[in-house]
Amino acid sequence: MIARIVSLIATGAFAISSAHAQAPAANPFVGTWKLIAADKILPDGTRVVDYGAEPHGLAIFTADGHYMIDVFRDVRTKFAAKDREKGTFEEYKEAQLGSSCGFGTYSVDTTAGKVTFHIDRSTYPNNDDTTPVRDYELKGETLSWRLSPRPDGSIPITMVRRMAVP
């Protein structure tokens with residue numbers, strides 16, 4: 001009887017440790033990622049930079065399903081007044097168009113190659129409380145996904161490289 005109980009406990013412990021060991025493989029997004037490209041594909045198929053040649057940003061995907069993505073243009077103009085509440089229309093416009101940030105929860109379907117973002121908040125308010133599904137591609141330590149086409153027909157692409165796995 002004791003041997004059977006010990007065997008059941010050992011089997012359960014092995015199953016739990018195996019499940020934890022498989023968690024990163026089951027969710028390849030988990031970790032911290034550095035932005036390496038924020039491009040767009042034009043309607044004619046040409047791929048061009050969207051946030052400059054060397055955009056800045058991070059993406060963090062947690063094991064419990066939360067994410068944060070920050071994308072910033074490589075060259076940003078400072079406000080002349082040195083006061084964020086006293087910017088000109090053009091300064092505000094440039095600051096808004098030169099960044100794309102958001103956070104929320106996410107889920108990954110590795111079989112279909114899709115990631116679902118449950119956007120809580122975004123620098124573009126129209127994305128708040130939305131749930132876009134994106135195709136993604138993972139090649140080694142590089143992850144990319146495409147966004148929905150913009151009104152001009154261009155398709156933004158975000159590309160990140162893994163920095164760390166928790």
Side-chain angles (χ1 to χ4, degrees), residues 23-80 82 84 87-166:
N27 183 353
F29 280 57
V30 174
T32 303
W33 305 75
K34 179 181 180 180
L35 182 71
I36 57 173
D39 297 341
K40 62 183 174 182
I41 298 175
L42 301 177
D44 68 2
T46 305
R47 185 170 176 156
V48 298
V49 298
D50 197 18
Y51 283 78
E54 296 182 31
H56 296 257
L58 287 174
I60 298 171
F61 295 94
T62 66
D64 66 350
H66 290 84
Y67 80 92
M68 180 279 314
I69 301 170
D70 289 339
V71 175
F72 293 92
R73 191 171 284 152
D74 59 354
V75 176
R76 301 177 72 213
T77 304
K78 307 251 189 243
F79 284 24
K82 299 191 185 343
R84 70 181 293 145
T88 66
F89 173 81
E90 284 304 314
E91 289 170 332
Y92 287 131
K93 179 180 175 183
E94 186 63 26
Q96 175 67 16
L97 295 176
S99 64
S100 178
C101 305
F103 70 92
T105 60
Y106 75 103
S107 57
V108 179
D109 181 341
T110 56
T111 304
K114 302 212 180 273
V115 58
T116 301
F117 292 100
H118 308 280
I119 301 172
D120 184 334
R121 291 294 175 264
S122 168
T123 50
Y124 180 53
N126 294 23
N127 286 339
D128 292 358
D129 301 313
T130 62
T131 307
V133 178
R134 311 277 188 227
D135 292 324
Y136 78 86
E137 186 173 2
L138 180 61
K139 290 183 179 177
E141 299 299 306
T142 302
L143 172 65
S144 63
W145 60 88
R146 294 176 182 221
L147 283 69
S148 299
R150 292 178 176 156
D152 68 0
S154 66
I155 301 170
I157 300 174
T158 304
M159 184 176 289
V160 293
R161 180 168 293 125
R162 187 183 305 278
M163 293 174 58
V165 177

Is there any salt bridge (Lys or Arg N to Asp or Glu O under 4.0 Å) pair reaching into residues 114-129, and which pairs are they, with sequence neighbours excluded?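 Salt bridge (Lys or Arg N to Asp or Glu O under 4.0 Å) check on residues 114-129 returns Lys114-Asp135, Arg121-Asp128, Arg121-Asp129.
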
Could you give all pairs that pass the salt bridge (Lys or Arg N to Asp or Glu O under 4.0 Å) test and reach residues 66-78, with sequence neighbours left out?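 Matches after skipping sequence neighbours: Arg73-Glu94.
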
List in chain and number order the residues that pass side-chain contact (heavy atoms from CB on, under 4.5 Å) with Thr111, two or more places apart in sequence or in another chain; answer none if no residue qualifies.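 Only Asp109 meet the side-chain contact (heavy atoms from CB on, under 4.5 Å) criterion with Thr111.
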
Suppose we screen for side-chain contact (heavy atoms from CB on, under 4.5 Å). Which residues come up paired with Phe79, at least two apart in sequence or across chains?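 Partners of Phe79 under the side-chain contact (heavy atoms from CB on, under 4.5 Å) test: Glu91, Tyr92, Ala95.
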
Can you name the nearest heavy-atom pair linking Pro55 to Ala38, along with the distance?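 Pro55 and Ala38 have their closest heavy atoms at CG-N, 3.8 Å.
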
Nearest heavy-atom pair of Ser100 and Thr123: which atoms, and what distance?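 Minimum heavy-atom separation between Ser100 and Thr123: CA-OG1, 3.4 Å.
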
[atom1] of [X] to [atom2] of [Y]: how many Å apart, nearest 0.5 Å?
{"X": "Leu147", "Y": "Ile157", "atom1": "CG", "atom2": "CD1", "answer": "9.5 Å"}
{"X": "Ile119", "Y": "Asn127", "atom1": "CD1", "atom2": "CG", "answer": "4.5 Å"}
{"X": "Glu90", "Y": "Thr77", "atom1": "CD", "atom2": "OG1", "answer": "10.5 Å"}
{"X": "Met163", "Y": "Leu58", "atom1": "CE", "atom2": "CG", "answer": "6.0 Å"}

I'd like to check the side-chain hydrogen bond (donor to acceptor under 3.5 Å, both in side chains) partners of [X]; sequence neighbours left out, ordered by chain and number.
{"X": "Tyr136", "answer": "none"}
{"X": "Ser154", "answer": "Asp152"}
{"X": "His56", "answer": "none"}
{"X": "Gln96", "answer": "none"}

Please, which pairs that meet side-chain hydrogen bond (donor to acceptor under 3.5 Å, both in side chains) have at least one residue in residues 44-53, sequence neighbours excluded?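 Checked against side-chain hydrogen bond (donor to acceptor under 3.5 Å, both in side chains) - neighbours excluded - the pairs reaching residues 44-53 are Asp39-Arg47, Asp44-Thr46, Asp50-Arg150.
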
Quick one: are [X] and [Y] in side-chain contact, heavy atoms under 4.5 Å?
{"X": "Thr32", "Y": "Arg162", "value": "no"}
{"X": "Ile60", "Y": "Phe29", "value": "no"}
{"X": "His118", "Y": "Ser107", "value": "yes"}
{"X": "Pro28", "Y": "Thr110", "value": "yes"}
{"X": "Lys139", "Y": "Ser144", "value": "no"}
{"X": "Ile36", "Y": "Thr142", "value": "yes"}
{"X": "Val48", "Y": "Lys40", "value": "yes"}

Go through the structure and list residues passing ring-ring contact (aromatic ring centres under 6.0 Å, His included) with Tyr67, not counting sequence neighbours.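 Tyr67 satisfies ring-ring contact (aromatic ring centres under 6.0 Å, His included) with Phe117 once adjacent residues are dropped.
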
Can you name the residues that form a ring-ring contact (aromatic ring centres under 6.0 Å, His included) with Tyr124, not counting sequence neighbours?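 Partners of Tyr124 by the ring-ring contact (aromatic ring centres under 6.0 Å, His included) criterion come out as none, since no residue qualifies.
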
Applying the side chain to side chain contact (heavy atoms under 4.5 Å, CB included) test to Ile69, which of Phe61, Phe103, Tyr106 qualifies?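 Exactly one pass, corresponding to Phe61.
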
Give the C-alpha distance, both sets of side-chain angles, the deciding distance and a yes or no for side chain to side chain donor-acceptor pair (under 3.5 Å) between Ser148 and Arg134. CA-CA 8 Å; Ser148 299; Arg134 311 277 188 227; 3.0 Å; yes

Once salt bridge (Lys or Arg N to Asp or Glu O under 4.0 Å) is applied, do any residues pair with Glu54, and if so which ones, sequence neighbours excluded?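 In terms of salt bridge (Lys or Arg N to Asp or Glu O under 4.0 Å), with neighbours along the sequence ignored, Glu54 is linked to no residue.
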
Just checking Arg161: does its CZ atom have more than 12 heavy atoms from other residues, nucleotides or ligands closer to it than 6.0 angstrom?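 It does not: Arg161 CZ has 12 such atoms or fewer within range.
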
